[in-house]
Amino acid sequence: MRQPQLERQGGLPSSVTIYEVGPRDGLQNEPATLPTEVKVEFIERLVAAGLPVIEVTSFVHPKWVPQLADASEVLDRIDPAGQVRMPVLVPNDRGLDRALEAGVRSIAIFGSATESFARKNLNRSVDEQFAMFEPTVRRARDHGLDVRAYVSMCFGDPWEGDVPVEQVVSIGKRLYDLGASELSIGDTIGVATPGHVRALLAGFADAGLGVEHLAVHFHDTYGQALSNAYAALEAGVRTFDASAGGLGGCPYSPGATGNLATEDLVWMLHGLGIETGVDLASVVRTSRWLADLMGRPSTSRVVRALSAGTSS
Ligand code: HMG
Ligand code: MG
């Protein structure tokens with residue numbers, strides 16, 4: 001399969017981490033619920049493709065996200081404590097109980113930078129979300145788990161419009177300070193642009209949270225995700241969330257479409273000579289396999305180009 005021509009550029013790192021969210025963010029918004037065995041095979045294929053971190057499912061309320069109601073069954077059939085880190089979303093103590101029972105070693109809490117989305121997604125106000133997360137993070141850390149924190153609606157909100165940088169920084173830092181090892185900055189509705197990304201990263205740096213503590217999580221609704229990832233890369237970010245085939249979206253955020261596609265990100269990074277440990281051809285084959293099962297083509301430009309027959 002075709003690979004990008006290598007042209008290195010000064011000032012960029014020799015390697016970065018891709019945090020794969022396909023099995024979680026990718027599948028939580030699908031109209032159809034995939035069978036457990038398909039989810040397990042999806043995860044196994046991503047492991048075989050070299051993804052170093054794979055967010056495998058969610059222990060949220062099954063009525064809120066029925067697509068991932070089989071989280072325990074999925075975990076029964078994979079090795080969440082193996083070589084590849086396999087975090088799961090956990091909103092509260094009940095979710096943590098279920099995750100611990102399943103042998104999970106790494107969780108992610110997910111807060112909102114806006115009141116509207118906190119209420120829609122968590123049935124809580126912004127302040128109440130901290131009250132919900134605080135004991136959960138403490139207990140997870142007591143059990144030796146790694147905790148990631150997400151902050152959503154960092155670049156715009158469907159109900160509130162623009163979201164001030166200071167508001168995102170203040171809420172994001174509070175989430176990180178609960179005891180997270182990393183804060184993932186979410187562009188939930190895919191409206192960010194590169195200058196906005198730089199401004200937000202600078203805001204976090206001013207508040208004492210440098211790029212070494214941050215990951216970026218771009219949805220591609222407005223076609224900006226890859227440009228935004230490049231801006232973050234230049235600014236020093238080293239962890240990038242992405243979803244195989246560009247699957248994704250949030251059921252509680254109207255208009256939010258897929259994540260930055262793993263293949264599109266890998267194409268750019270490998271072209272720049274930046275190692276990811278990911279085998280591009282294997283991820284493309286995985287996304288094609290899943291797209292065939294779902295009965296529609298992948299939204300990833302790289303998957304489509306490499307599947308067209310003319311460029312491979
Ligand atoms: P609630 O209804 O307020 O829950 O939901 P509650 O605390 O009032 O509890 C009500 C009942 O639910 C209780 O049972 C609990 O035990 C049960 P009862 O006593 O009535 O029999 N319950 C649970 N059961 C199983 N698992 C649980 C759980 N929690 C409570 N974890 C809650 C509050 C947070 C649970 C709910 O709002 C929820 O599940 N929200 C999740 C929504 C979601 O998953 N959204 C998508 C992920 S976020 C995202 O995609 C954004 C991201 O990608 C970044 C970005 O793009 O920006 C991360
Ligand atoms: Mg997301």
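Heavy atoms only: backbone and side chains are in, while hydrogens, waters and symmetry mates are out. Indexing begins at 1, ligand by ligand and atom by atom, following the structure's order.
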*Asks:* What verdict does the side-chain contact (heavy atoms from CB on, under 4.5 Å) test give for Phe204 and Leu183, after you've listed the backbone C-alpha separation in whole Å, the side-chain angles of each residue and the deciding distance to 0.1 Å?
*Replies:* CA-CA 10 Å; Phe204 274 113; Leu183 179 73; 3.6 Å; yes
*Asks:* Per the side-chain contact (heavy atoms from CB on, under 4.5 Å) rule, which among Leu89, Val88, Val65 passes with Phe59?
*Replies:*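 Exactly one candidate clears the test, Val88.
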*Asks:* Could you tell me how the ring of Phe110 sits relative to the ring of Phe133: parallel (under 30°), tilted (30 to 60°) or perpendicular (over 60°)?
*Replies:* tilted
*Asks:* Are Ile189 and Met153 packed together at the side-chain level, in the sense that at least one heavy-atom pair is separated by less than 4.5 angstrom?
*Replies:* yes
*Asks:* Decide side-chain contact (heavy atoms from CB on, under 4.5 Å) for His219 and Leu260; before the verdict, give the C-alpha distance in whole Å, the side-chain angles of both, and the deciding distance to 0.1 Å.
*Replies:* CA-CA 5 Å; His219 284 261; Leu260 169 60; over 6 Å; no
*Asks:* List the steps, then state whether salt bridge (Lys or Arg N to Asp or Glu O under 4.0 Å) holds for Glu134 with Arg139.
*Replies:* CA-CA 9 Å; Glu134 197 273 327; Arg139 201 154 63 86; over 6 Å; no
*Asks:* For ligand 1, which atoms sit closer than 4.0 Å to a heavy atom of Asp25?
*Replies:* 53 (O)
*Asks:* What do we get for Val65 next to ligand 1 when only non-hydrogen atoms under 4.0 Å count, side chain, backbone, both or neither?
*Replies:*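 The part of Val65 near ligand 1 is the side chain, not the backbone.
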*Asks:* Taking atom types as modelled, is there a side-chain donor on Glu20 or Thr262 under 3.5 Å from an acceptor on the other?
*Replies:* yes
*Asks:* Do any protein N, O or S atoms sit under 2.8 Å from the Mg ion (ligand 2), and which ones are they?
*Replies:*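 Those protein N, O or S atoms (cut-off: under 2.8 Å from the Mg ion (ligand 2)) are Asp25 OD2, His217 NE2, His219 NE2.
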*Asks:* Hey, is Val21 touching ligand 1 through its side chain, its backbone, both or neither, going by heavy atoms under 4.0 Å?
*Replies:* neither
*Asks:* Check the side chains of Ser298 and Ser287 for a donor-acceptor pair under 3.5 angstrom, ignoring hydrogens and angles.
*Replies:*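 Result is no, nothing qualifies.
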*Asks:* Could you find the nearest protein heavy atom to atom 58 (C) of ligand 1 and give me its residue, atom name and distance?
*Replies:* Arg24 NH2, 3.4 Å
*Asks:* Purely on distance, is any nitrogen or oxygen of Asn123 under 3.5 Å from one on ligand 1?
*Replies:* yes
*Asks:* Asn228 versus Tyr230: any side-chain heavy-atom pair under 4.5 Å?
*Replies:* no
*Asks:* Does only the side chain of Ser58 get under 4.0 Å from ligand 1, or the backbone, or both, or neither? Count heavy atoms.
*Replies:* neither
*Asks:* Looking only at protein heavy atoms, which one is nearest to atom 25 (C) of ligand 1, and what is the separation?
*Replies:* Arg98 NH1, 3.4 Å
*Asks:* Does some non-hydrogen atom of the protein lie less than 4.0 angstrom from atom 45 (N) of ligand 1?
*Replies:*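 For atom 45 (N) of ligand 1 the answer is yes, since some protein heavy atom falls inside 4.0 Å.
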*Asks:* Any side-chain donor paired with an acceptor under 3.5 Å for Thr276 and His270?
*Replies:*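 Note: Thr276 and His270 side chains meet the donor-acceptor criterion.
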*Asks:* For Leu89, which part has a heavy atom under 4.0 Å from ligand 1: side chain, backbone, both, or neither?
*Replies:*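 The part of Leu89 near ligand 1 is the side chain, not the backbone.
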*Asks:* Which ligand 1 atoms does Pro62 reach within 4.0 Å, using its non-hydrogen atoms?
*Replies:*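 That gives atoms 25 (C) of ligand 1.
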*Asks:* Counting each atom of ligand 1 from 1 as listed, which ones have a heavy atom of Gly95 under 4.0 Å away?
*Replies:*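 Selected atoms, number and element: 31 (N).
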*Asks:* For a side-chain hydrogen bond (donor to acceptor under 3.5 Å, both in side chains) check, start with the C-alpha distance between Thr193 and Gln224, then their side-chain angles and the critical distance, and finish with the verdict.
*Replies:* CA-CA 6 Å; Thr193 49; Gln224 307 294 303; over 6 Å; no
*Asks:* Could you tell me whether some N/O pair between Gln28 and ligand 1 is separated by less than 3.5 angstrom?
*Replies:*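 Yes; the residue has a nitrogen or oxygen that sits under 3.5 Å from a nitrogen or oxygen of the ligand.
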*Asks:* If we count only non-hydrogen protein atoms and require a distance under 4.0 Å, does atom 51 (C) of ligand 1 qualify as touching the protein?
*Replies:* yes
*Asks:* For atom 42 (C) of ligand 1, is there a protein heavy atom at a distance under 4.0 Å?
*Replies:*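 Yes, there is a protein heavy atom closer to it than 4.0 Å.
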*Asks:* Can you find a protein heavy atom under 4.0 Å from atom 18 (P) of ligand 1?
*Replies:* no
*Asks:* Going by the order shown, which atoms of ligand 1 are within less than 4.0 Å of some heavy atom of His219?
*Replies:* 56 (O)
*Asks:* I'd like to know if Gly249 contacts ligand 1, where contact means a heavy-atom distance under 4.0 Å to any ligand atom.
*Replies:* no
*Asks:* Got a protein heavy atom sitting under 4.0 Å from atom 14 (O) of ligand 1?
*Replies:*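 Within 4.0 Å of atom 14 (O) of ligand 1, no protein heavy atoms are found.
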*Asks:* As a quick check of understanding, evaluate side-chain contact (heavy atoms from CB on, under 4.5 Å) for Arg198 and Glu234, giving each step before the final call.
*Replies:* CA-CA 9 Å; Arg198 278 190 288 268; Glu234 279 195 318; 4.3 Å; yes
*Asks:* Let me see the working for Arg138 and Asp93 under salt bridge (Lys or Arg N to Asp or Glu O under 4.0 Å), right down to the final yes or no.
*Replies:* CA-CA 10 Å; Arg138 194 165 8 93; Asp93 271 342; over 6 Å; no
*Asks:* Please identify which of these residues, Ser152, Cys250, Ser112, meets the side-chain contact (heavy atoms from CB on, under 4.5 Å) condition with Asn121.
*Replies:* Cys250
*Asks:* Do the ring planes of His217 and Tyr150 sit parallel (below 30°), tilted (30 to 60°) or perpendicular (above 60°)?
*Replies:*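 Perpendicular, since the angle between the ring planes exceeds 60°.
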*Asks:* Please determine, by modelled atom types, if Ser106 and Arg85 share a side-chain donor-acceptor pair under 3.5 angstrom.
*Replies:*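 Note: Ser106 and Arg85 side chains meet the donor-acceptor criterion.
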*Asks:* When you measure from atom 36 (C) of ligand 1 to each heavy atom in Phe110, Tyr150, Trp64, Phe117, which option holds the nearest one?
*Replies:*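 That would be Trp64.
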*Asks:* Tell me the protein heavy atom at minimum distance from atom 29 (N) of ligand 1, and give that distance in Å.
*Replies:* Asn92 ND2, 2.8 Å
*Asks:* Suppose we measure from atom 31 (N) of ligand 1 to each protein heavy atom; which comes out shortest, and what is that distance?
*Replies:*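 Closest protein heavy atom to atom 31 (N) of ligand 1: Phe59 O, 2.9 Å.
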*Asks:* Taking the six-membered ring for Trp, are Tyr252 and Trp64 parallel (under 30°), tilted (30 to 60°) or perpendicular (over 60°)?
*Replies:*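 Rings of Tyr252 and Trp64: tilted, 30 to 60°.
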*Asks:* Could you tell me the residue and atom name of the protein heavy atom closest to atom 10 (C) of ligand 1, and the distance to it rounded to 0.1 Å?
*Replies:* His61 CD2, 4.7 Å
*Asks:* What protein heavy atom is closest to atom 54 (C) of ligand 1, reported as residue, atom name and distance in Å?
*Replies:* Ser152 OG, 3.4 Å
*Asks:* State if Arg124 counts as touching ligand 1 under the rule of any non-hydrogen atom under 4.0 Å.
*Replies:*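 Contact present.
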*Asks:* Heavy-atom contacts under 4.0 Å between Val60 and ligand 1: side chain, backbone, both, or neither?
*Replies:*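 Answer for Val60: both.
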*Asks:* I need the nearest protein heavy-atom contact for atom 16 (O) of ligand 1: residue, atom name and distance, please.
*Replies:*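 The closest one turns out to be Arg94 CD, 3.9 Å.
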*Asks:* For atom 40 (N) of ligand 1, what's the nearest protein heavy atom and its distance?
*Replies:*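 Ranked first by proximity to atom 40 (N) of ligand 1 is Asn121 O, 3.0 Å.
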*Asks:* Atom OG in Ser243, atom CD in Glu263: separation rounded to 0.5 Å?
*Replies:*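 Those atoms lie 8.5 Å apart.
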*Asks:* Just do the side-chain contact (heavy atoms from CB on, under 4.5 Å) check on Glu182 and Leu214 with the steps written out, would you?
*Replies:* CA-CA 6 Å; Glu182 175 175 83; Leu214 302 176; over 6 Å; no
